[in-house]
Visitor: 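Submitted below is the structure of interest, expressed as structure tokens.
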Number of protein chains: 2
Amino acid sequence: MTITHAEENYLKAIFTIAEKEAGPALTNAIAAQMQTSAASVTDMLKRLSDKQLITYEKYRGVQLTEEGGRLATALIRKHRLWEVFLVDKLGFAWDEVHELAEQLEHVQGNDLVSRLDSFLGYPKFDPHGDPIPDAEGRWTFRKQAPLATLKAGERGIVTGVDDHSTTFLQYLDQLGLILGAELELLERFPYDQSVRVRIRDGRELILSDKVTQNLFVKIS
Amino acid sequence: MTITHAEENYLKAIFTIAEKEAGPALTNAIAAQMQTSAASVTDMLKRLSDKQLITYEKYRGVQLTEEGGRLATALIRKHRLWEVFLVDKLGFAWDEVHELAEQLEHVQGNDLVSRLDSFLGYPKFDPHGDPIPDAEGRWTFRKQAPLATLKAGERGIVTGVDDHSTTFLQYLDQLGLILGAELELLERFPYDQSVRVRIRDGRELILSDKVTQNLFVKIS
DNA sequence: AAAAATATTTAGGTAAGTCTAAAAATAAGT
DNA sequence: ACTTATTTTTAGACTTACCTAAATATTTTT
């Protein structure tokens, strides 16, 4: 049975939503994620259900079957490995790689993924700090929390982002808050929950509530 | 104007045929190249003509417009660069990369090709010895000829193949006739035009007429 | 030059994936 | 509980890219 690119994209979207919402993915949520109409989603859900990649009950949302979950995981693995390739090997910035990886993840062939994985040195995380599942679909978890949870005086290392938007990533770049950056939370302003942090070169930054909620750090 | 993957593939096929046959590509030739029906080709030719990528006169074959040729060349460039990547970086054998490159060539994005080119060290030839056009579409030509044209006593270096089939490539691998291999033609047997050659490690091989016609060498 | 063979196009149909508008089901508000 | 609002599905239509079968052009043969 062949699976089309569109079907793969839906599986990934369903996986992502199920992960975030912790429940069955609803039609509208999928439509939003896929930037398409609810009608198109319903259409596709029927196809995926016929192929036994999801369990689908009308008006009740969908869940991935074991096979569907396996495919979605494999796709995420491919996407993130290609992102590592684009950043580490081709020198793209972390905010430039999503679209390209979106295409590269659909390339299929025998050994491609495992060879790429090996070539890249079996990375566990992509350029945004998101975990890369291994060939068996196992995930590496990391103890990390939004910067917002740090208390004054605590130190942390930047490990990832929740918001993957270009504007956020470029802003972080500008501030020097790249993956691995060390910081110390000096002060939190109760007025708007913004914080003052010191980074490695001694510079001090003021970060808004929005930033601290979307930036993950490992407390060190 | 967007160009679909199928359209790109047709442009490439037309380019390839025009190059080989040195004339307008005919419907049946395209159908054979694309492994599809003549009716489907006619269908596509209308679309490509509407998009001004080919000039098409019913029953008279097609020719690429300047824009069509530019696109075809860019596609071939991408295909061959990806083949270099797959062989040089990921360690695939030269007979394993065609299908993968066929998919990778359709990935599009800003800087991707130029960055890949740079990463690979601006290769001029792909793993089969085929030339890779540069970013402006210029080709590097190489003085090469089928092994069949060598005279007894002459020496050559393997530079490429005409037949790209898996069986031929694997056979050459087995014989040690990889790109760059040095050989000396010792003798040609008039009966069937087969030849005896000595290769670098001193081994002698008998190569059929079919092999000598499909293997390119640079006379040295 | 007419007949036969070959090449190409047209006609009509299918499947995937999308759309809008309308209908139906479910959830929410009073 | 009943009306309203929201969500989801159905209906009908469109595009791309393919197919087969039939019709038409062109080329080759006699």
Side-chain angles (χ1 to χ4, degrees), chain A residues 1-14 17-18 20-21 23-64 68 71-72 75 102-103 105-108, chain B residues 1-14 17-18 20-21 23-64 68 71-72 75 102-103 105-108:
Chain A
M1 190 195 20
T2 44
I3 288 151
T4 67
H5 291 185
E7 286 167 348
E8 287 188 332
N9 286 332
Y10 273 94
L11 290 176
K12 201 174 58 156
I14 294 165
I17 292 164
K20 202 178 315 182
E21 318 267 316
L26 300 177
T27 302
N28 262 0
I30 299 169
Q33 178 87 14
M34 296 290 297
Q35 309 233 63
T36 186
S37 71
S40 302
V41 173
T42 302
D43 225 51
M44 179 58 91
L45 295 185
K46 284 180 197 155
R47 269 195 293 268
L48 292 173
S49 187
D50 287 348
K51 292 192 175 181
Q52 314 227 28
L53 299 172
I54 58 170
T55 53
Y56 169 50
E57 250 189 300
K58 275 188 192 176
Y59 298 99
R60 297 269 165 249
V62 293
Q63 276 184 301
L64 294 173
L71 287 171
L75 203 65
E102 205 74 2
Q103 298 174 64
E105 72 190 6
H106 297 294
V107 175
Q108 44 202 344
Chain B
M1 189 195 19
T2 45
I3 289 151
T4 68
H5 292 187
E7 286 168 346
E8 288 188 332
N9 287 333
Y10 273 94
L11 291 176
K12 201 174 56 157
I14 294 165
I17 292 163
K20 201 178 317 183
E21 319 266 316
L26 302 176
T27 303
N28 263 359
I30 300 168
Q33 179 87 13
M34 296 290 298
Q35 310 233 65
T36 186
S37 71
S40 302
V41 173
T42 301
D43 224 51
M44 180 58 90
L45 295 185
K46 283 181 197 154
R47 268 194 293 268
L48 293 174
S49 187
D50 288 348
K51 291 192 177 182
Q52 315 226 28
L53 299 172
I54 59 171
T55 54
Y56 169 50
E57 251 190 297
K58 274 189 192 177
Y59 297 99
R60 297 268 165 247
V62 293
Q63 276 185 300
L64 294 173
L71 287 170
L75 204 65
E102 205 74 1
Q103 299 174 63
E105 72 190 7
H106 297 294
V107 174
Q108 44 202 344

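Labels below follow one simple rule: chain letters A, B, ... track the order of the sequence lines, proteins then strands, and each chain is numbered from 1.
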Visitor: Rounded to the Å, how far apart are A/Glu8 CD and C/dG17 C1'?
Guide: 15 Å
Visitor: Which nucleotide, C/dT18, C/dT20, D/dC18, lies nearest any side-chain atom of A/Arg47?
Guide: C/dT18
Visitor: Can you measure A/Leu48 atom CG to C/dT18 atom P for me and round it to whole angstrom units?
Guide: 11 Å
Visitor: Specify the separation, in whole Å, of atom CD of B/Gln35 and atom C1' of D/dA17.
Guide: 16 Å
Visitor: Would you classify B/Thr27 as touching base, sugar-phosphate or nothing, given that sugar-phosphate means primed atoms plus P, OP1 and OP2, and contacts are heavy atoms under 4.0 Å?
Guide: sugar-phosphate
Visitor: Mind checking what makes side-chain hydrogen bond (donor to acceptor under 3.5 Å, both in side chains) contact with B/Ser49, not counting sequence neighbours?
Guide: none
Visitor: Rounding to an integer number of Å, can you tell me how far A/Ile17 CD1 sits from D/dT7 P?
Guide: 14 Å
Visitor: Quick one: B/Lys58 NZ to D/dA23 C1', roughly how many Å, whole number?
Guide: 12 Å
Visitor: Under the criterion side chain to side chain contact (heavy atoms under 4.5 Å, CB included), which of B/Val41, B/Leu48, B/Leu53, B/Asn9 is the partner of B/Ile14?
Guide: B/Leu48
Visitor: For the pair B/Ile54 and B/Leu11, evaluate side-chain contact (heavy atoms from CB on, under 4.5 Å) and give the outcome as yes or no after the intermediate values.
Guide: CA-CA 8 Å; B/Ile54 59 171; B/Leu11 291 176; 4.2 Å; yes
Visitor: Is A/Lys46 near enough to D/dT10 that one of its side-chain N or O atoms lies under 4.0 angstrom from OP1 or OP2?
Guide: yes
Visitor: Once you apply a heavy-atom cut-off of 4.0 Å, does B/Ser37 come out as touching a base, just sugar-phosphate, or nothing?
Guide: base
Visitor: For the NZ atom of B/Lys12 and the CE atom of B/Met34, what is their distance to the nearest 0.5 Å?
Guide: 8.5 Å
Visitor: For A/Arg60 and D/dT9, is the shortest distance between a side-chain N/O and OP1 or OP2 below 4.0 Å?
Guide: no
Visitor: A/Ser40 or B/Tyr59: which one's nearest nucleotide on DNA chain C is closer to the 5' end?
Guide: B/Tyr59
Visitor: Tell me: NE2 of A/His5 to C1' of D/dA17, nearest whole Å?
Guide: 15 Å
Visitor: Could you work out, with side-chain hydrogen bond (donor to acceptor under 3.5 Å, both in side chains) as the rule, every residue matching B/Glu8, not counting sequence neighbours?
Guide: B/His106
Visitor: Check the phosphate of D/dC18 against B/Tyr10, side-chain N and O only, distance under 4.0 Å to OP1 or OP2. Yes or no?
Guide: yes
Visitor: I want to check one thing: is the phosphate of D/dA17, taken as OP1 and OP2, less than 4.0 Å away from some side-chain N or O of B/Thr36?
Guide: no
Visitor: Looking at D/dT30, which nucleotide sits across from it as a Watson-Crick or G-U wobble partner, both distances under 3.5 angstrom, or is there none?
Guide: C/dA1
Visitor: Please report, rounded to the nearest Å, how far the P atom of C/dT10 is from the CG atom of B/Leu45.
Guide: 11 Å
Visitor: Have a look at A/Thr42 and say if it touches a base, only the backbone sugar-phosphate, or nothing, with a 4.0 Å heavy-atom cut-off.
Guide: base
Visitor: Kindly say if B/Asn28 contacts the phosphate of C/dT8, meaning a side-chain N or O under 4.0 Å from OP1 or OP2.
Guide: yes
Visitor: Between atom CG in A/Leu26 and atom C1' in D/dT8, what is the gap in whole Å?
Guide: 10 Å
Visitor: With heavy atoms under 4.0 Å as the rule, sort B/Ala38 into base, sugar-phosphate or nothing.
Guide: base
